[in-house]
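Chain naming here is simple, since letters A, B, ... match the order of the sequence lines and numbering starts at 1 in each.
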Amino acid sequence: MRHTAITISTATAIAVVLGSLSLSIPSMSQAGSSAVEEGKKIAFDRKKGNCLACHQIEGGSLPGNIGPPLVAMKARFPDKNVLKDQISNPQKNNPNTIMPPFGPHEIMSKNEIDKVVEFIHTL
Amino acid sequence: MKKIAVIFTTLSMLAAPMLSIAASPEQDLKNFRDHYTKLFPNIAMDDFGNGVYAVDKTSRDQWEAFEEFPPYEIYVDKGEALFNKPFKNGKTYASCFPKAKSGIKQNYPYFDKKRNEVITLELAINDCRKKNGEEPLKYKKGPITHLGAYIAYQSRGKKGNVKIDSSAESMKWYNEGKRFFYAKRGQLNMSCADCHYNNPAKKIRANILSTGLGQTTHFPVYRNKWSVADKGGDGMGTLHRRYGGCNKQVRAKPFKAQSREYRALEYFHTYMSNDLPLNGPGIRM
């Protein structure tokens, strides 16, 4: 996270030096939104997250209803790491949960989970 | 992929909560039934044998339309012809199943004390063939489902009558089956109970989950999925074929049809639906 912040300020500084701030800002926000976009794809992919099997998620069709609708995620999970724990290893919260252990069983890679967290946190 | 699935299966077998091996089969049956009647106080006991149709009105309407011209009917007829067709030695299946015409399906599976194992109807069909010098049939689809459809049809309306033998070896089979039902397995780490005990009538994606109670009363079953998408399939499949499908869904390696694992599961699972009227063959999505 901090790493990203440093990159941003460096990029901004360079942009200022180059005098083309207006070019570099859209490219930064594209980087952020592309993680969200990728996360959405992974979350909806039946072979990866397949979150729609159990959760209603805005933008996804034919959701299941075994789990709660994923809404107000920023409010429910002000700390992204708590959200990440829930997605990566839901058994921590509920040992008998039906939600798959995406991290421990390597259903998604660490990188994929990070992207899914980025996406879910926007809901 | 396969390897991972196998590893997780063994691991998660160790942790099966909600499971008291000590309970008697009678107590299990009562608890199992109470669980569903509490969840669905408005569903009549006998209706649980209708699976998804008992819990979802839209599916039920579609099904009732289907039953006007049931797609399994031709297989009941085929099964009857097979049943009566003499083997090379001149005998027929009736030599092994003398009471089939008055209904025997309700008594399967049973524990055979001499052989010390659970005997399912499909196993008994192949035993009969072997005894009469015929090649065994495949266990998941094809002629065995036609014979099964015919035999099931003769038992329509009869109540499930599985007896759990109290011998130690029989109880071992029973408890293995029970553990199978509640144990998480596969890369996705789900048990039969996760879907069919804890979440019946809920939707997993667009599929509505049936109750574990009543899941065995209507096999073999006709499914569109098994006729259209399936090479050489005609729509019909056995209970063990379904078990395999549900194992694959959670990325667990399925066991062989008629393996000890699935026979043990069937012993427990079918006993849990005792006293419900048999209604096979069935139609399911």
Side-chain angles (χ1 to χ4, degrees), chain A residues 39-71 83-113 115-117 119-120 123, chain B residues 1-20 35 39 52 55-56 58-59 179 181-212 245-253 285:
Chain A
K40 181 174 180 177
K41 269 203 203 107
I42 298 162
F44 286 8
D45 184 338
R46 281 171 191 267
K47 298 217 164 71
K48 295 286 182 183
N50 198 16
C51 316
L52 288 167
C54 300
H55 295 283
Q56 187 187 317
I57 300 173
E58 202 190 320
S61 56
L62 298 176
N65 60 2
I66 290 176
L70 299 184
V71 292
L83 179 61
K84 187 174 162 176
D85 273 353
Q86 168 65 36
I87 294 173
S88 173
N89 188 9
Q91 283 184 304
K92 242 190 197 172
N93 270 331
N94 173 5
N96 193 39
T97 185
I98 187 176
M99 182 160 154
F102 290 100
H105 278 203
E106 296 174 17
I107 301 162
M108 297 190 283
S109 70
K110 283 202 173 74
N111 184 268
E112 287 167 335
I113 290 173
K115 286 175 178 158
V116 168
V117 172
F119 164 60
I120 299 294
L123 298 171
Chain B
M1 194 67 225
K2 247 185 198 161
K3 203 165 172 191
I4 292 178
V6 176
I7 293 167
F8 287 128
T9 303
T10 11
L11 269 186
S12 42
M13 285 295 279
L14 298 174
M18 305 186 306
L19 188 57
S20 146
H35 172 75
L39 277 178
V52 158
V55 296
D56 183 63
T58 310
S59 314
R179 206 177 305 121
F181 189 81
Y182 291 101
K184 287 177 174 290
R185 67 183 63 243
Q187 191 186 27
L188 299 189
N189 204 48
M190 294 179 198
S191 64
C192 315
D194 275 334
C195 285
H196 298 295
Y197 189 86
N198 296 328
N199 290 292
K202 292 244 177 84
K203 278 196 289 187
I204 185 150
R205 202 71 199 232
N207 299 310
I208 297 156
L209 291 164
S210 56
T211 54
C246 277
N247 276 165
K248 280 189 232 167
Q249 282 188 69
V250 299
R251 301 182 196 163
K253 192 171 182 263
M285 306 300 148

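- Rounding to the nearest 0.5 angstrom, the gap separating the CD1 atom in I204(B) from the CG atom in N50(A) is 8.0 Å.
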Item to check | Worked verdict on N199(B) versus I98(A) for side chain to side chain contact (heavy atoms under 4.5 Å, CB included) | outcome: CA-CA 9 Å; N199(B) 290 292; I98(A) 187 176; 3.7 Å; yes
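- A distance of 7.0 Å separates CD1 of I66(A) from CE of M190(B), quoted to the nearest 0.5 Å.
- To the nearest 0.5 Å, the span separating CZ on R205(B) from CZ on R46(A) amounts to 4.5 Å.
- With a threshold of 4.5 angstrom between heavy atoms, L209(B) approaches chain A through side-chain atoms but not through N, CA, C or O.
- Atom NZ of K203(B) has 12 or fewer neighbouring heavy atoms from other residues, nucleotides or ligands inside a 6.0 Å radius.
- Among all heavy-atom pairs drawn from N189(B) and P101(A), the shortest one is CB-CD, 3.5 Å.
- In Q86(A), the CD atom is crowded: over 12 heavy atoms of neighbouring residues, nucleotides or ligands sit closer than 6.0 Å.
- Rounded to the nearest 0.5 Å, atoms NE2 (H105(A)) and NZ (K184(B)) are 9.5 Å apart.
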